[in-house]
2 protein chains.
Amino acid sequence: MVTTCAGVSAAPGGDPYQQGCPTRRILDRIGDRWTVLVVGALGDGTARFSELKRRIEGISQKMLTQTLREMERDGLVTRTMYAQVPVRVEYQLTDAGMSLRGPLKALEEWSIEHLGMVMTAQQVYDQPS
Amino acid sequence: MVTTCAGVSAAPGGDPYQQGCPTRRILDRIGDRWTVLVVGALGDGTARFSELKRRIEGISQKMLTQTLREMERDGLVTRTMYAQVPVRVEYQLTDAGMSLRGPLKALEEWSIEHLGMVMTAQQVYDQPS
DNA sequence: GTGGTCTGGTCACCTACGGTAACCAGAGTT
DNA sequence: AACTCTGGTTACCGTAGGTGACCAGACCAC
């Protein structure tokens, strides 16, 4: 058993409710707005940079680069550069990245399922009444 | 079937990859750093404001208030105020909020499971080599 | 050889969001 | 009158994240 959070030995892997805990850092990273979408956009195949940018509407070049770098660093995607002209760069989920698809898909499905309910709740809440 | 994203009728509930799409807005909200932790901290019971603040180490009063208000607006939690002295405020997940626990728990488990792998990947990546 | 194209980036700039800490109500307690 | 408690709100500030310009570098058309 590995103790990852200072002073916390009861929870293997660390208690996400403890600040500065690695688990929480990871939760922050994968809960990141763009990471979720990149994982979904990559799916089980490979995609080029520009392809991802096109798929994920609204993402800026900077944020896509940044997100992909972070994900590469975290071992979630692999980056393959082909010295062609013009340069071709392909991204692909690693096994770890693939394993994230399940949980994230569940989240996506939840939001689609509860979309109507949330919208209604908001309208009710916002009513001056 | 409800078309929620302008020009998108193929995906019921909306395509999260379309910007401005309600599904994406919800994904942003629940993917929010603090919302995830509040859902976990509330669990299946009720909790007072100060209790949540204590459980979620590192959250500021402002962000807890803000997060809880948003969640209340989204119909994820109920807020009950008891006109005692001092004032007592209790929060509880709604059914919708409860249904979020599964997906979020999966995410939490993923991050605990892959903690080691990610840390290693980062170290390898950061090596000047 | 000069201009235009393509890709995948980087860089400066600025806004907006999140964090910090101070302050508040309002009643009870000493 | 001063101090406690809870559950906030507010001003302030720093740093993320977004925007748009610019870059490499090789190819093609003229």
Side-chain angles (χ1 to χ4, degrees), chain A residues 16-21 24-39 41-42 46-74 77-92 125, chain B residues 16-21 24-39 41-42 46-74 77-92 125:
Chain A
Y17 302 101
Q18 293 274 328
Q19 79 181 108
C21 162
R24 184 132 128 195
R25 282 215 307 274
I26 293 180
L27 219 48
D28 274 4
R29 287 266 328 105
I30 61 177
D32 166 62
R33 160 173 206 183
W34 297 120
T35 304
V36 178
L37 294 170
V38 168
V39 169
L42 273 170
T46 67
R48 306 183 53 168
F49 184 86
S50 51
E51 217 169 326
L52 288 173
K53 192 165 176 313
R54 235 175 299 117
R55 277 189 207 165
I56 306 168
E57 197 182 320
I59 194 170
S60 65
Q61 209 137 0
K62 178 183 149 190
M63 285 318 293
L64 182 52
T65 305
Q66 206 167 296
T67 304
L68 286 168
R69 283 290 136 76
E70 282 288 341
M71 291 175 72
E72 193 192 353
R73 178 167 180 262
D74 291 346
V77 300
T78 55
R79 191 184 114 108
T80 320
M81 211 175 103
Y82 299 92
Q84 299 179 349
V85 145
V87 179
R88 185 162 61 103
V89 181
E90 292 203 329
Y91 291 92
Q92 187 173 213
Y125 189 91
Chain B
Y17 301 101
Q18 295 273 328
Q19 79 180 108
C21 161
R24 183 132 129 195
R25 281 217 308 273
I26 294 181
L27 219 48
D28 274 4
R29 288 266 327 105
I30 61 178
D32 166 62
R33 160 174 207 184
W34 297 120
T35 303
V36 177
L37 295 170
V38 168
V39 169
L42 273 170
T46 67
R48 305 183 53 168
F49 184 87
S50 51
E51 217 169 326
L52 289 173
K53 192 164 175 315
R54 233 175 300 119
R55 277 190 207 163
I56 307 168
E57 196 183 320
I59 195 169
S60 64
Q61 210 138 359
K62 177 182 149 189
M63 287 317 293
L64 182 51
T65 305
Q66 207 168 294
T67 304
L68 286 168
R69 283 291 135 76
E70 282 288 341
M71 291 175 72
E72 193 192 353
R73 178 167 180 262
D74 291 346
V77 301
T78 55
R79 190 184 115 108
T80 319
M81 211 174 103
Y82 299 92
Q84 298 180 350
V85 144
V87 179
R88 185 162 61 103
V89 181
E90 292 203 330
Y91 292 92
Q92 186 172 212
Y125 188 92

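Here is the naming used below: chain letters follow the sequence lines, and residue numbers restart at 1 for every chain. We use all heavy atoms of the structure for the numbers below, so side chains are in, but hydrogens, waters and symmetry mates are not.
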Distance, rounded to the nearest Å, where A/Q84 contributes CD and D/dC28 contributes C1': 17 Å

Between C/dG18 atom P and B/E70 atom CD, what is the distance in whole Å? 9 Å

Atom pairs under 3.5 Å: protein N/O with N/O of nucleotides 3-7 of chain D:
| residue | atom | partner | partner atom | Å |
| --- | --- | --- | --- | --- |
| D/dT6 | O3' | B/R48 | NH2 | 3.2 |
| D/dT6 | O3' | B/V87 | O | 3.1 |
| D/dG7 | OP1 | B/R48 | NE | 3.3 |
| D/dG7 | OP1 | B/R48 | NH2 | 3.3 |
| D/dG7 | OP1 | B/V89 | N | 3.1 |
| D/dG7 | OP2 | B/S50 | N | 3.1 |
| D/dG7 | OP2 | B/S50 | OG | 2.9 |
| D/dG7 | N7 | B/Q61 | NE2 | 3.3 |

Salt bridge (Lys or Arg N to Asp or Glu O under 4.0 Å) against A/R33, all qualifying residues, sequence neighbours excluded: B/D28

For A/R29, enumerate each residue passing the salt bridge (Lys or Arg N to Asp or Glu O under 4.0 Å) test, keeping only those at least two apart in sequence or located in another chain. A/E70, A/D74

Residues in side-chain hydrogen bond (donor to acceptor under 3.5 Å, both in side chains) contact with B/Q66, at least two apart in sequence or another chain: none

With sequence neighbours left out, the residues meeting side-chain hydrogen bond (donor to acceptor under 3.5 Å, both in side chains) with B/T35 are B/D32

Within the side chain of A/E51, is there an N or O that forms a donor-acceptor pair under 3.5 Å with the backbone of A/R48? yes

Ignoring backbone atoms, establish whether A/W34 has a side-chain N or O less than 4.0 Å from OP1 or OP2 of D/dG18. yes

Does B/Q66 put a side-chain nitrogen or oxygen below 4.0 Å from OP1 or OP2 of C/dG18? yes

Pairs under 3.5 angstrom only: tabulate donor-acceptor contacts from the side chains of residues 82-90 of chain B to other protein residues two or more places apart or in another chain.
| residue | atom | partner | partner atom | Å |
| --- | --- | --- | --- | --- |
| B/Q84 | OE1 | B/R88 | NE | 3.3 |
| B/R88 | NH1 | B/E90 | OE2 | 3.0 |

Candidate nucleotides D/dT9, D/dT19, C/dG18, ranked by approach to the side chain of B/D32 - the nearest: C/dG18

Using a cut-off of 4.0 Å on non-hydrogen atoms, how would the nucleic acid contact of A/K62 be classed: base, sugar-phosphate, or nothing? base

